[in-house]
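Nothing here was measured: the structure is a model prediction, and the numbers come from that model. In the text below, chain A, chain B and the rest are named by the order of the sequence lines, each starting its count at 1.
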Amino acid sequence: GQSLEQPSEVTAVEGAIVQINCTYQTSGFYGLSWYQQHDGGAPTFLSYNALDGLEETGRFSSFLSRSDSYGYLLLQELQMKDSASYFCAVTRLGGKLQFGAGTQVVVTP
Amino acid sequence: EPEVTQTPSHQVTQMGQEVILRCVPISNHLYFYWYRQILGQKVEFLVSFYNNEISEKSEIFDDQFSVERPDGSNFTLKIRSTKLEDSAMYFCASRVDSNSNQPQHFGDGTRLSIL
């Protein structure tokens with residue numbers, strides 16, 4: 001079957017580092033994307049990995065291991081505004097996104 | 001920065017009625033998508049559209065659904081006879097080209113409530 005697994009919730013304090021893991025099982029894999037969503041608003045693109053390794057974009061980094069069907073999103077120097085849902089999504093043939101169930105990140109003072 | 005715009009932001013409709021959700025993708029984008037998100041659940045793919053035709057559709061996108069690009073700017077999703085289970089947030093997205101490195105840009109969504 002086709003599925004993505006990610007933790008349902010992570011809680012951390014301001015300034016901390018959070019890692020959100022994502023494992024996937026799918027055909028037609030082109031890459032792994034990460035999106036942020038605040039309170040049911042528009043999913044906002046954060047990062048994309050097509051090849052193995054680490055991609056860094058400011059405080060956010062994303063990693064992919066295609067052989068392990070595994071990736072993660074790393075949020076550094078957490079801020080209150082980072083409280084949101086984070087979705088991993090497989091980019092499949094034709095460009096469509098297959099989303100995971102999302103991880104709710106709660107940042108506390 | 002250019003963005004995807006969707007109207008209306010909230011649509012309330014009686015069951016069995018037709019509804020049209022509207023989207024204006026980013027102007028130089030060529031690939032268009034509709035997704036839906038039932039409250040508290042994940043975002044689900046509905047349909048992709050390129051070169052004035054459907055590229056791919058999911059099992060959710062049955063005969064009650066249709067998409068259209070009536071002019072050079074709008075991209076619409078029509079539900080012919082709405083059901084209670086169609087209540088969800090509907091997101092439109094666009095992408096500039098076929099390069100998988102290019103992200104999809106999402107609109108703010110239309111919240112569809114079926115009574």
Side-chain angles (χ1 to χ4, degrees), chain A residues 1-9 20 22-24 26-53 55 57 60 62 64 66 71 73 84-104, chain B residues 1-6 9-10 23 25-26 29-51 53-61 87-113:
Chain A
Q2 299 175 33
S3 65
L4 290 90
E5 299 289 331
Q6 53 181 125
S8 59
E9 186 172 317
I20 303 171
C22 175
T23 57
Y24 59 87
T26 186
S27 58
F29 176 89
Y30 274 70
L32 191 70
S33 300
W34 288 92
Y35 282 79
Q36 179 191 61
Q37 186 182 40
H38 281 100
D39 294 329
T44 304
F45 173 78
L46 293 177
S47 189
Y48 176 76
N49 295 74
L51 303 174
D52 287 0
E55 292 283 340
T57 311
F60 297 167
S62 60
L64 175 66
R66 295 176 70 117
L73 178 71
S85 290
Y86 293 81
F87 293 87
C88 60
V90 166
T91 299
R92 300 190 58 214
L93 181 66
K96 76 176 192 184
L97 294 171
Q98 180 184 352
F99 283 83
T103 298
Q104 179 73 39
Chain B
E1 185 174 327
E3 57 183 26
V4 176
T5 57
Q6 292 186 242
S9 56
H10 192 187
C23 170
I26 296 173
H29 285 194
L30 300 177
Y31 292 78
F32 313 118
Y33 307 84
W34 282 101
Y35 293 84
R36 80 171 186 189
Q37 185 178 30
I38 295 170
L39 186 64
Q41 298 186 24
K42 66 181 179 182
V43 178
E44 300 173 287
F45 168 78
L46 292 178
V47 65
S48 58
F49 191 88
Y50 168 70
N51 200 26
E53 60 183 27
I54 291 173
S55 310
E56 187 175 0
K57 57 185 180 180
S58 71
E59 293 176 353
I60 303 167
F61 195 89
S87 294
M89 195 77 166
Y90 287 80
F91 292 105
C92 172
S94 69
R95 189 161 67 120
V96 62
D97 60 29
S98 61
N99 187 338
S100 60
N101 285 328
Q102 294 297 327
Q104 289 185 29
H105 296 263
F106 284 74
D108 286 337
T110 293
R111 182 170 300 284
L112 179 62
S113 299

| request: May I ask you to test the B:F91-A:P43 pair for a side-chain heavy-atom distance under 4.5 Å? | output: yes
| note | When rounded to the nearest 0.5 Å, the distance separating OG1 of A:T91 from CD of B:Q102 is 11.5 Å
| field | Interatomic distance, B:Q104 atom CD to A:Y35 atom OH [nearest 0.5 angstrom] | value | 5.0 Å
| query | Taking everything shown except A:R66 itself, do over 12 heavy atoms lie less than 6.0 Å from its CZ? | reply | yes
| said: Let me confirm one number: the OG-NZ distance from B:S55 to A:K96, rounded to the nearest 0.5 Å. | reply: 11.5 Å
| Do other residues, nucleotides or ligands put more than 12 heavy atoms under 6.0 Å from A:E9 CD? | yes
| query | In Å and rounded to the nearest 0.5 Å, what is the NZ to SG distance from B:K42 to A:C88? | reply | 10.0 Å
| field | Which of A:G95, A:A101, A:G102 touches chain B most, by non-hydrogen pairs under 4.5 Å | value | A:G95
| request: Mind checking the CG-CZ spacing from A:L97 to B:R95? Nearest 0.5 Å is all I need. | output: 8.0 Å
| said: With a sphere of 6.0 Å drawn around CD of A:Q104, does it hold more than 12 non-hydrogen atoms of other residues, nucleotides or ligands? | reply: yes
| task | Please check if atom CG in B:N51 has more than 12 non-hydrogen atoms from other residues, nucleotides or ligands closer than 6.0 Å. | result | yes
| field | Contacts of type ring pair (Phe, Tyr, Trp, His ring centres under 6.0 Å), residue B:Y35, not counting sequence neighbours | value | A:F99, B:F45, B:F106
| Shortest non-hydrogen separation from B:G107 to A:A42 and the atoms involved | O-CB, 3.0 Å
| query | Where on A:Q98 is there a heavy atom nearer than 4.5 Å to chain B: the side chain, the backbone, both, or neither? | reply | neither
